[in-house]
2 protein chains.
Amino acid sequence: MAGMSLRHAVLGLLAEAPGSGYDLMRVFNLSLANVWPATQSQVYGELNRLAEAGLVEVADEGPRGRKEYAVTDAGRAELRHWMIDVEPNRVQRSDLLLRVFFLGQLSRAEAAAYLRREGDLAAREHDVLLKLREEVTSEKDACDEDGERGSGKDGGKDPDGLTTHGLLALEWGLRATRAAKDWADWAVEQLDAIELREGSGGGRAGDAGQLDGG
Amino acid sequence: MAGMSLRHAVLGLLAEAPGSGYDLMRVFNLSLANVWPATQSQVYGELNRLAEAGLVEVADEGPRGRKEYAVTDAGRAELRHWMIDVEPNRVQRSDLLLRVFFLGQLSRAEAAAYLRREGDLAAREHDVLLKLREEVTSEKDACDEDGERGSGKDGGKDPDGLTTHGLLALEWGLRATRAAKDWADWAVEQLDAIELREGSGGGRAGDAGQLDGG
DNA sequence: GTTGACATGTAATTGGTTACATGATTAG
DNA sequence: CTAATCATGTAACCAATTACATGTCAAC
């Protein structure tokens, strides 16, 4: 019963602003894409389950069968409970680090190539996030100057609270990708040290003499 | 069809050294606990599926129905393929960061408490990993001085290749937890800045006068 | 002879992904 | 009238978690 975070993601988004499943999907595909991705079928299913549990309700109906959901008091209580009382999940699976464990199965050159590739990927991801931050902050500044604060037509598209605190999450992404890049560089250096310690008699990892190739 | 990393975790471990499901479980619960945790039922199931697919085989049978598995050539090929050609999964779900997105639903004091708690947790995790590294490196040094290199009775418990490259993964853990702590400290400071920008008229985040109660 | 470690499995449930299926409304 | 967007759902499958179930062997 621990977890169920999709449920709380939906609850949290609706707590910021009421919306339809379709509205939520936009947020899941943009703001939350790197934090808690979700598919369409998941979201619609969860909305129905939440409604059944009384944590959200259909506040309005629109064209094309649109159902606009809003959190109930019970929903708000559940959200608070989850945020304050529930231990965040500390388990993180990483197939990237899993490969690192088995680097001994590759030649030293292949292992180094793997780590360099990961470093590059992290660096590129870092750049993407930097650009994202620029976009988001410039949009937000424009909004702030309009005096739009959580009301008006754009309220659903760019709810103030979400981008504001979303920026904290984005900063985490920036720091994590930076750390990943630094780590990868460091790890490549370490390979040499391992090579030396284990000697060329150490087996498979020392076999390949060519250091720079593919 | 992307993913299936449990399969490759098992394959990778058997590539380092043959072993039974029971042997593998020890590794999953220790070395791999923070990288790719797996349950007993998963591992035994996967071993059967791997055997059926011809990627591993029962190399030996022992007392109590023990089946010692070893990778086949096909298995080794599949492992290499996964390590070199398959894109690591970049999607990471984080209910921790998900909560950060919704911090606007809490009072400023509650939000700060949440971030401080996360910072503390990261710091404690960092310490745990530091101690783990000490243990592992001292054990490994002892092993090295014994001249035990991947053979003998302890070979299965502490396969050289695993701890060697496992240390790279451990270092990633150290850097990640350090970064998490730094980020949390930074984020707490940011809350004040947000408070100022949004003013006390900004809504819910400033509403709650009672900062400690339910 | 009983306890604890060794050893392997099944079943039920949950959460997530992919693919499929359908239809209403609006803008050009 | 036609294409894009809006809008909601179902079904099949896969991966992971939890709980249950069973039995052997060694040491004391």
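First the proteins, then the strands, lettered A, B, ... as listed; each starts at 1.
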Practice task
Classify the nucleic acid contact of A:R93 as base, sugar-phosphate or nothing, counting any heavy atom under 4.0 Å across all strands shown.
Solution key: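 Sugar-phosphate contact only - A:R93 comes under 4.0 Å of backbone atoms but never of a base.
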
Handout entry: Touch class at under 4.0 angstrom, heavy-atom based, for B:S20 against every strand present
Key =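 The answer is sugar-phosphate, as B:S20 gets under 4.0 Å only of primed atoms, P, OP1 or OP2.
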
Problem - Distance-only donor-acceptor test, B:Q42 side-chain atoms vs D:dT17 base atoms, 3.5 Å - result: no

Take atom [atom1] of [X] and atom [atom2] of [N], then tell me their distance rounded to the nearest Å.
| X | N | atom1 | atom2 | value |
| --- | --- | --- | --- | --- |
| B:H8 | D:dA16 | NE2 | P | 12 Å |
| B:N89 | D:dA16 | CG | P | 11 Å |
| A:W36 | C:dG16 | CH2 | C1' | 10 Å |
| B:Q40 | D:dA21 | CD | P | 14 Å |
| B:F28 | D:dT17 | CZ | P | 11 Å |
| A:L47 | D:dG9 | CG | C1' | 12 Å |
| A:E46 | D:dG9 | CD | P | 13 Å |
| B:L50 | D:dA15 | CG | P | 12 Å |

Exercise for the section: Assign the ring pair A:W82 / A:H8 to parallel, tilted or perpendicular, where the plane angle (0 to 90°) is split at 30° and 60°. Expected result: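 If you compare the ring of A:W82 with that of A:H8, the planes turn out parallel.
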
Nucleotide nearest [X] when distance is taken to its side chain, options [options]:
| X | options | value |
| --- | --- | --- |
| B:N48 | D:dT8, D:dA16, C:dG9 | C:dG9 |
| B:R64 | D:dT5, C:dG16, C:dA7 | C:dA7 |
| B:Y69 | D:dT5, C:dG15, C:dG9 | C:dG9 |
| A:S41 | D:dT10, D:dT5, D:dA15 | D:dT10 |

Taking only the side-chain nitrogens and oxygens of [X], find out if one of them lies under 4.0 Å from OP1 or OP2 of [N].
| X | N | result |
| --- | --- | --- |
| A:Y22 | D:dC6 | yes |
| B:R66 | C:dC6 | no |
| B:Y44 | C:dT8 | yes |
| A:R49 | D:dG9 | no |

Exercise for the section: Please confirm whether A:R175 makes a cation-pi placement over B:W186, using NZ or CZ under 6.0 Å from the six-membered ring centre and within 45° of the ring normal. Expected result: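 Output yes; distance and angle both within limits.
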
Exercise for the section: Taking only Lys NZ, Arg NE, NH1 and NH2, and the carboxylate oxygens of Asp or Glu, determine whether B:R124 and B:D127 approach each other closer than 4.0 Å. Expected result: no

Problem - Carboxylate-amine/guanidinium proximity below 4.0 Å for B:E135 and B:R133 - result: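 Not counted as a salt bridge, because no side-chain N and carboxylate O are separated by less than 4.0 Å.
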
Exercise for the section: Starting at CD of A:Q40, measure out to CG of A:N29 and round the result to the nearest 0.5 Å. Expected result: 10.0 Å

Problem - Contact nearer the 5' end of DNA chain D, comparing A:P63 with A:G45 - result: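 It is A:P63, whose closest nucleotide lies nearer the 5' terminus.
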
